[in-house]
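Notes for the one structure printed next.
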Amino acid sequence: MTRLSAITPSGHAHIGNHLGAIRRWAREGGPGDLYFVSDLHAMTVSYNPTRLRKLSRELLAVLVAAGIAPDRVFVQSDLVRELGALSWLLECACSFGEASRMTQFKQKAEGQGVVRLGLLTYPVLMAADILLQRATEVPVGHDQTQHVELARSLARRFNSTYGEVFAVPRAVVAPMASRVMDLSDPSRKMSKSTQGAAGTVFVLDDPDLVRRKIRSAVTDGDARLEYRVAEQPGLANLLEILAGCTGKSPVELAESFDSYGAVKEAVAEALIEELRPLRARALSLLADPAELDAVRAAGAALARSRSEHTLASALRMAGVG
Ligand code: TYM
């Protein structure tokens, strides 16, 4: 089995990324797994190149600090040639209709004056990420499952049209904290790119800031302390975050509190403890550029060498290269 997943440096990593994805990657990681910073994916909307480079470094440090083996991480653009080639093969196996049906494309395209073509084709690049490494399991949060489904369809289609090359991947979603919501608007997913960070707890936020953000989380005017996602989404979100940190169920947790204030204090404490070691290790890695450069170079070399055979086979089967 090969697990593979990634995080896009479109902003700082937040607790949704951590609880729903990164932490699992570190815990479940096996010797054949690969995790990476998908910097090419951050180019689908307007961005600042200097900030992108800085965020890519930061996220690489976060992946290692979270406990993923340093030789299992890489930065996507270090494989830009291989991925560019495979993306083209897969774009030619993907229909326009399929790509334009992606929910995330429709959502993200809505607010943009100019919609970059890359925003439409980015799930195909994501399929290339997955198929290039012959990944079989893709551990992701809820929002990415449709993209993994597309990768699955493209793998099957390519294999049946040109011959067996790709492993057919499947998405694996965490049972808890797979959809952490914004603290100031629990109807919206917590996101790296939300303007104004009051509702987003970043993994590198200092403990005081974490506490302040949790204290100011929107809760529902209802005095009942129950886990009811539709009726009390703010409280449900806090209970899910706490469940993600403690391993207990949100229903059981709801019964153990007698006030919203107490829930918030418990969530803040649990998060601060959850993030403490990660934050310390990430900051020390970021202060040691040579170590981070070495991790990046070794990860790229391994990922590239693993991909050579699959890319060469796919090109040959498709009648090119
Ligand atoms: P990205 O950077 O948006 O998110 C990284 C991971 O975090 C999960 N996630 C969340 N989980 C719980 N609650 C949230 N609020 C939340 N927000 C994000 C995501 O589901 C994801 O698992 N396109 C991908 C990166 C990617 C990728 C890949 C993933 C590029 N190539 C190949 C898998 C395989 C992305 O932008 O994730």
Side-chain angles (χ1 to χ4, degrees), residues 2-26 28 33-45 47 52 55-56 58-60 62-63 66 68 73-77 79-80 83 86-87 90 102-105 107-108 118-119 121-152 154-155 167 169-183 185-194 199-203 237 240-241 243-244 303:
T2 297
R3 288 192 202 89
L4 170 140
S5 203
I7 179 161
T8 301
S10 48
H12 305 288
H14 55 67
I15 55 167
N17 300 131
H18 176 67
L19 298 174
I22 301 172
R23 190 181 58 167
R24 290 168 59 209
W25 304 345
E28 297 165 3
D33 297 355
L34 284 174
Y35 298 100
F36 61 99
V37 178
S38 43
D39 54 349
L40 299 172
H41 289 214
M43 301 169 63
T44 56
V45 292
Y47 72 96
L52 175 59
L55 283 170
S56 298
E58 183 181 301
L59 291 192
L60 187 67
V62 165
L63 294 185
I68 301 174
V73 297
F74 68 100
V75 176
Q76 185 189 27
S77 59
L79 267 70
V80 66
L83 289 169
L86 186 54
S87 270
L90 296 177
M102 295 290 121
T103 311
Q104 212 174 64
F105 167 69
Q107 283 168 351
K108 289 196 175 170
L119 192 62
T121 58
Y122 125 92
V124 183
L125 176 59
M126 183 164 153
D129 293 332
I130 298 169
L131 303 186
L132 184 67
Q133 303 295 347
R134 296 183 52 82
T136 46
E137 287 199 355
V138 186
V140 283
H142 233 278
D143 59 330
Q144 294 295 329
T145 52
Q146 196 186 24
H147 295 159
V148 181
E149 278 306 310
L150 180 70
R152 207 177 152 78
L154 296 181
R170 67 181 186 98
V172 187
V173 179
M176 198 38 68
S178 66
R179 196 170 155 78
V180 175
M181 308 308 277
D182 191 288
L183 298 175
D185 175 3
S187 68
R188 198 173 61 195
K189 193 187 68 153
M190 189 176 282
S191 153
K192 294 184 225 91
S193 43
T194 305
T200 312
V201 177
F202 298 111
V203 298
N237 191 35
E240 282 180 24
I241 294 171

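Keep in mind that this is a model prediction, so the values were computed, not measured. Just so you know, residue 1 is the first one in the sequence shown, and it goes up from there. For ligands, and for the atoms within them, numbers begin at 1 and follow the listed sequence.
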If you have a sec, work out which protein heavy atom is nearest [atom] and how many Å separate them, to one decimal?
| atom | answer |
| --- | --- |
| atom 26 (C) of ligand 1 | A6 CB, 3.5 Å |
| atom 23 (N) of ligand 1 | Y122 OH, 3.0 Å |
| atom 28 (C) of ligand 1 | M126 CG, 3.4 Å |
| atom 19 (C) of ligand 1 | D143 OD1, 3.4 Å |
| atom 1 (P) of ligand 1 | K192 NZ, 3.5 Å |
| atom 30 (C) of ligand 1 | H41 CE1, 3.2 Å |
| atom 17 (N) of ligand 1 | H14 CE1, 3.6 Å |
| atom 18 (C) of ligand 1 | N17 ND2, 3.2 Å |

Quiz item: ligand 1 versus S5, non-hydrogen atoms closer than 4.0 Å: side chain, backbone, both, neither?
Solution: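 Both backbone and side chain of S5 come within 4.0 Å of ligand 1.
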Within a strict 4.5 Å, meaning less than it, do heavy atoms of the [X] and [Y] side chains meet?
| X | Y | answer |
| --- | --- | --- |
| H147 | L125 | no |
| V148 | M126 | yes |
| L40 | T8 | no |
| V138 | V172 | no |
| L34 | T2 | no |

Quiz item: Who gets closest to atom 15 (N) of ligand 1 by heavy atom: L125, V173, V180?
Solution: V180
Distance filter under 4.0 Å to [X] heavy atoms, resulting ligand 1 atoms:
| X | answer |
| --- | --- |
| V138 | 33 (C), 34 (C) |
| S38 | 25 (C), 26 (C), 30 (C) |
| I130 | 32 (C), 34 (C) |
| K189 | 15 (N) |
| A21 | 6 (C), 7 (O), 22 (O) |
| R179 | 12 (C), 13 (N) |

I want to know if ligand 1 touches [X] in the polar sense, i.e. an N/O pair below 3.5 angstrom.
| X | answer |
| --- | --- |
| T8 | yes |
| M190 | yes |
| L4 | no |
| G16 | yes |
| D129 | yes |

Practice problem: Mind running side-chain contact (heavy atoms from CB on, under 4.5 Å) on E240 and R179 for me, showing each step along the way? | Solution: CA-CA 9 Å; E240 282 180 24; R179 196 170 155 78; 5.8 Å; no
Practice problem: For H12, enumerate each residue passing the side chain to side chain donor-acceptor pair (under 3.5 Å) test, keeping only those at least two apart in sequence or located in another chain. | Solution: E58
Exercise. Could you give me the CA-CA distance, side-chain angles and deciding distance for D182 and K189, then say whether salt bridge (Lys or Arg N to Asp or Glu O under 4.0 Å) is met?
Key: CA-CA 5 Å; D182 191 288; K189 193 187 68 153; over 6 Å; no
Exercise. Measure the spacing between CE of M102 and CD of Q107 and express it to the nearest 0.5 Å.
Key: 12.5 Å
Practice problem: Quick one: closest heavy-atom pair of P123 and L150, and the distance? | Solution: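 Shortest heavy-atom contact: CB-CD2, 3.7 Å.
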Quiz prompt | Between Q76 and S38, a side-chain donor and acceptor under 3.5 Å | solution = no
Exercise. Could you label the plane-to-plane angle of the F74 and F36 rings as parallel, tilted or perpendicular, counting under 30° as parallel and over 60° as perpendicular?
Key: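 If you compare the ring of F74 with that of F36, the planes turn out parallel.
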Quiz item: Does the ring center of Y122 lie less than 6.0 Å from the ring center of H41?
Solution: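 Yes, the ring of Y122 comes within the 6.0 Å limit of the ring of H41, centre to centre.
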